[in-house]
Protein chains: 2
Amino acid sequence: MLEDEGLMKLKVREELKLKKQAYVQEEILTAAAALFAETGVRAVTIDDIASSLGYTKSVVYYYFKNKNQVLWEIFERIHEAWSQDMTSIMEKDLPPAELLGAMIRQHALNVMGRKAWTAIYFRDQAELTSDQQKIIVKRKREYDQLFKTVYTKGVEAGIFRDIPTPVIVSGIIGMANFTHAWFKDGRGLAPEEIANHYVEIILNGCRTA
Amino acid sequence: MLEDEGLMKLKVREELKLKKQAYVQEEILTAAAALFAETGVRAVTIDDIASSLGYTKSVVYYYFKNKNQVLWEIFERIHEAWSQDMTSIMEKDLPPAELLGAMIRQHALNVMGRKAWTAIYFRDQAELTSDQQKIIVKRKREYDQLFKTVYTKGVEAGIFRDIPTPVIVSGIIGMANFTHAWFKDGRGLAPEEIANHYVEIILNGCRTA
DNA sequence: AAATGAATTGACTGAGCGGTCAGAATTTTT
DNA sequence: AAAAATTCTGACCGCTCAGTCAATTCATTT
């Protein structure tokens with residue numbers, strides 16, 4: 001029927017439009033993340049973001065409701081990527097030492113692979129609304145919990161020393177996160193080497209004597 | 001002579017005035033540091049700082065030239081305190097393992113003892129002028145160098161594994177710094193306990209097998 | 001070619017904030 | 001008590017910037 005054809009066309013058009021918009025949105029988010037990471041969210045104007053792409057401010061406002069939405073979408077991207085990486089490692093069902101090693105490696109690689117993200121995630125949380133902050137706090141707790149659970153299993157299996165989990169887990173994450181402040185792509189060691197060093201340090205540091 | 005007496009009086013008066021002013025200045029710096037740490041320098045207005053002490057904006061401008069000076073003085077305080085603590089440990093001339101342990105402990109305690117300072121020092125550097133930033137970068141290098149030198153000595157003495165110094169030193173500092181984000185005074189473990197755990201983790205993690 | 005709708009522009013508003021300044025209040029000195 | 005020095009006040013200026021909006025350009029469909 002003609003009605004159906006019309007509907008189909010509308011759907012296809014709609015999809016194309018959304019795809020195009022999604023592309024520009026990602027473009028803007030990437031540019032924004034780079035700028036945010038450099039000088040902090042508060043110091044970056046919408047104009048800065050737009051003109052770094054050759055756009056005008058109004059273009060950004062055409063694709064995003066406001067500055068907060070730009071920031072929040074970045075936080076969402078970070079969470080999605082990181083939590084997916086981590087859960088896919090957990091699914092492998094490795095023994096505690098190997099598993100913890102793989103998790104540390106993955107986290108460190110994530111940080112070095114996207115330094116901008118880490119800078120924003122751990123520095124500019126205060127720029128979010130309090131509702132958004134609550135969500136982030138919850139997600140961080142869940143993320144930490146993955147590490148804590150694995151570590152506790154290792155302690156129970158007698159292969160890890162009984163260090164309080166907040167201490168060891170925050171230590172691991174702090175160590176890895178800090179790479180965002182000094183690691184330079186292409187200069188010196190490769191991310192994999194650095195990550196492996198941290199795995200070694202932690203595993204040796206926690207192993208029962 | 002009368003002239004001398006007059007000069008003396010002027011000097012004493014001058015000193016008193018400076019002492020009084022210094023007191024208010026420190027008061028303002030402390031309040032500012034607390035607010036800066038909470039939400040970031042950019043998000044804090046001079047009005048916020050002033051009214052958190054029951055003053056008006058103009059009072060702050062009476063004691064400080066501008067916002068940048070307030071921030072810079074905080075950076076100066078941090079550097080003074082930290083570098084003094086660290087050099088006084090170096091002077092004890094301990095063997096590498098003990099020395100590195102003491103340094104890690106001191107750094108961790110410094111961070112937990114003044115969480116606000118760490119937050120500002122590592123997050124709000126971009127708010128400084130580029131000249132000031134250069135100074136900070138240099139100081140950080142020097143600070144790192146203290147750790148690197150000790151670690152290298154330990155490697156040469158055969159007691160530490162040969163991990164590239166930027167990796168191990170940044171790892172240590174990152175681990176300790178991150179406490180500022182999760183450590184709560186009075187809740188859970190005491191700073192000394194936490195610091196000792198990190199000392200253990202690192203020393204065990206680096207010791208030659 | 002006309003019509004429809006998506007994308008873009010640029011001028012504008014209003015609020016917030018850093019910083020100034022003339023003078024008022026307070027304290028100290030003589 | 002007067003003079004001098006200090007601390008403090010509050011109104012004000014200029015600028016930046018988030019966000020709006022009517023109008024225009026561009027692309028697509030019929």
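Below, read A as the first sequence line, B as the second, and so on, with proteins coming before strands; counting in each chain starts at 1.
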With side chains defined as the heavy atoms from C-beta onward, is the minimum distance between Trp117(B) and His180(B) less than 4.5 Å?
no
Distance, rounded to the nearest Å, where Gln21(A) contributes CD and dT8(C) contributes C1'
13 Å
Provide, to the nearest angstrom, the distance between the NZ atom belonging to Lys19(B) and the C1' atom belonging to dT7(D).
20 Å
Can you name the residues that form a side chain to side chain contact (heavy atoms under 4.5 Å, CB included) with Ala22(B), not counting sequence neighbours?
none
Heavy atoms within less than 4.0 Å of DNA chain D: which residues of residues 37-47 of chain A have one? Give them sorted by number.
Val44(A), Thr45(A), Ile46(A)
Taken to the nearest whole Å, CD/Gln69(B) to P/dG18(C) is 15 Å
Salt bridge check, Glu76(B) against Arg139(B): does any charged N sit closer than 4.0 Å to a carboxylate O?
yes
Can you check whether Cys206(A) reaches Ile168(A) side chain to side chain, under 4.5 Å on heavy atoms?
yes
Parallel, tilted or perpendicular: ring planes of Phe75(A) versus Trp72(A), cut at 30 and 60 degrees
parallel
Distance in angstrom units between Asn66(B) CG and dT20(C) P, rounded
8 Å
Is Arg77(B) paired with Glu26(B) through a side-chain N to carboxylate O contact shorter than 4.0 Å?
yes
Leu203(A) side chain reached by Phe160(A) side chain, heavy atoms, under 4.5 Å:
yes
Close residues, residues 53-65 of chain A, relative to DNA chain D [heavy-atom separation under 4.0 Å]
Lys57(A), Ser58(A), Tyr61(A)
Send over the distance from Asn68(B) CG to dC17(C) P, rounded to a whole Å.
18 Å
How many angstroms lie between atom CD of Gln133(B) and atom NZ of Lys140(B), to the nearest 0.5 angstrom?
9.5 Å
Lys67(B) atom NZ is separated from dC15(D) atom P, nearest whole Å, by 19 Å
Whole angstroms only, please: what is the CG-P distance between Asp48(A) and dC17(D)?
7 Å
